[in-house]
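Heads up: the structure comes next, in structure tokens.
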Amino acid sequence: MNSRRNFLKQMSGAAIAAGAAPSLLTWALPAPQNGSIAVPGEDGMIVRSFRFVDLETPVEYFNTWLTPVPHFFVRNHMHEPSQLNAEDWRLTIGGEVEKTFSLTLSDLSKLEMHSVVNTLECAGNGRSLHRPQVPGIQWGKGAVSTARFSGPRLRDVLQRAGVKPAGKHVMFRGLDEVPGKVPPFIRSIPIEKALDSDTLIAMHMNGAPLTKHHGFPARALVPGWIGAASCKWLTEIKILDSEFVGNFMSPGYRFPDQPGKPGEAVKPEDTHPLTALNVKSVISGPLDGASLKAGRIAVQGAAWAGEADIAKVEVSIDGGASWNPTRLGRDQAHYAWRLWNYEWKAKTGDYTVLSRATDTQGRTQPSAPVWNPSGYLYNAVDQVKIHVA
Ligand code: MTE
């Protein structure tokens with residue numbers, strides 16, 4: 001848990017690091033130079049979109065339980081706020097409440113802080129692997145990362161406002177800069193999840209104030225759920241009597257009620273909003289296409305399961321005919337991925353190495369994903385092809 005004094009110290013540190021007066025942070029991305037794309041502090045990340053800054057984490061970075069912030073994937077639907085005056089920033093709480101009020105950054109940092117280690121995954125992670133292919137950002141396997149998020153519980157703020165019995169959903173609005181006619185990124189979550197003691201108004205990531213890419217000064221953190229639930233650059237929380245109606249609730253971020261045939265259209269009335277993540281594992285090493293020497297080879301990766309915990313991860317080196325148990329890493333927390341590894345005494349040959357996770361709800365990664373028109377929640381058994389010489 002972070003004390004308030006620590007928070008304020010780190011806040012001013014972040015402002016200085018940003019090279020700005022503490023009260024006014026101005027953010028601008030440099031234009032691409034000589035055809036290359038420069039995103040400061042994000043070395044090694046895979047740029048999926050420069051216009052709105054969408055950065056994927058290479059799978060070989062899945063080797064630490066907590067992802068260093070510069071290696072944490074970034075997903076933006078629109079422009080990040082170009083300016084944010086921390087002194088003028090306000091978070092308003094209204095709608096179906098007894099008392100509407102707003103909080104300054106200093107008010108927020110005086111509230112009791114709580115920490116949650118959460119694996120945040122974009123619902124579209126793995127979209128490029130669906131067949132037939134679907135439109136949208138063509139994420140590979142790395143729109144997922146893990147961090148310790150800290151901040152006041154959303155519940156504490158809602159209790160202060162006094163949610164009326166009519167209040168059933170909690171809407172978040174961020175400070176994104178909306179280009180042209182694009183609908184704003186506004187979504188809602190059910191009141192039960194909002195009142196969960198692990199749902200936060202996060203101000204810190206891995207012990208430091210949020211960076212601009214991850215929602216400075218405050219974001220929602222809805223653990224175990226698709227990343228889209230965790231609204232960045234939070235400025236308004238509104239209690240509604242029903243689910244928010246808008247593009248990012250429908251048609252966006254919905255999943256077919258029943259799996260259909262790959263490539264087949266799905267009627268909107270046969271879909272539901274996405275909430276918790278699937279069970280999933282990814283191999284972080286060896287990398288796909290690697291050529292390795294015979295002998296001991298460490299097969300390793302990460303596995304996560306949204307609101308459930310990982311029960312086991314298995315590896316197959318014979319294309320799925322037989323499965324071997326892996327060793328799960330020591331670090332663990334509810335909502336956080338587990339690192340895993342398997343020591344394989346490899347003989348020469350060409351191999352397809354597979355990984356398969358099972359969670360505490362009894363869900364196991366399927367051999368084929370559930371195809372859907374937006375390419376959400378890809379979670380098929382992972383595989384890499386390698387050559388052992
Ligand atoms: N919040 C706002 N305001 N605007 C956005 O575009 N993207 C969402 C979510 N919160 C988004 C947002 C999506 S789709 C994801 S996956 C996560 O932020 C990604 O969080 P990150 O960029 O910190 O990794």
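Every heavy atom of this structure was used, including side-chain atoms; hydrogens, water molecules and symmetry mates were not. First listed ligand is number 1; within each ligand, the first listed atom is number 1.
For ligand 1, the atoms sitting less than 4.0 Å from at least one non-hydrogen atom of C231 are 1 (N), 3 (N), 10 (N), numbered in the order shown with element in parentheses. Ligand-side atoms of ligand 1 in range of F72: 24 (O), range being under 4.0 angstrom from any heavy atom. Atoms of ligand 1 lying under 4.0 Å from at least one heavy atom of N76, given by number and element, are 6 (O). Near C122, with a cut-off below 4.0 Å to any heavy atom, the atoms of ligand 1 are 16 (S).
Side-chain N or O atoms of S284 include none that pairs as donor or acceptor with a backbone N or O of N63 at under 3.5 Å. Between the side chain of E56 and the backbone N or O of G140 there is at least one donor-acceptor pair closer than 3.5 Å. Proximity of a side-chain donor or acceptor of Y376 to a complementary backbone N or O of Y253 within less than 3.5 Å is detected. Put simply, the side chain of W340 gets close to the backbone of A302: a donor and an acceptor are under 3.5 Å apart.
When heavy-atom distances to ligand 1 are checked against a 4.0 Å cut-off, W233 comes that close only through its side chain, counted from C-beta outward. Within the 4.0 Å heavy-atom criterion, neither part of I226 lies near ligand 1.
At the shortest separation from atom 5 (C) of ligand 1 among protein heavy atoms lies D176 OD2, 3.6 Å. The protein heavy-atom contact nearest to atom 1 (N) of ligand 1 is K232 N, 2.8 Å. Scanning the protein for heavy atoms near atom 12 (C) of ligand 1, the closest one is F185 CE2, 3.5 Å. Looking only at protein heavy atoms, the nearest one to atom 9 (C) of ligand 1 is G227 O, 3.3 Å. The protein heavy-atom contact nearest to atom 6 (O) of ligand 1 is H77 N, 2.8 Å.
For the residues A202, S230, G252, the heavy atom positioned nearest atom 10 (N) of ligand 1 is part of S230. Between atom 20 (O) of ligand 1 and the options R187, R219, R75, the minimum heavy-atom separation is to R219.
Ring centroid separation for the pair Y378 and W139 does not come in under the 6.0 Å cut-off.
Considering D198, N118, D309 as possible partners of H334, the one that fulfils the side chain to side chain donor-acceptor pair (under 3.5 Å) test is D309.
The closest side-chain donor-acceptor pair between S374 and N372, if any, does not fall under 3.5 angstrom.
Between T92 and T100, every side-chain heavy-atom pair lies at or beyond the 4.5 Å cut-off. Looking only at side-chain heavy atoms (C-beta outward), S250 and E243 stay at 4.5 Å or farther from each other.
Residue contacts with ligand 1 include Y253, since one of its heavy atoms falls under 4.0 Å from the ligand.
Here's the thing with F73: one of its N/O atoms is less than 3.5 angstrom from an N/O atom of ligand 1.
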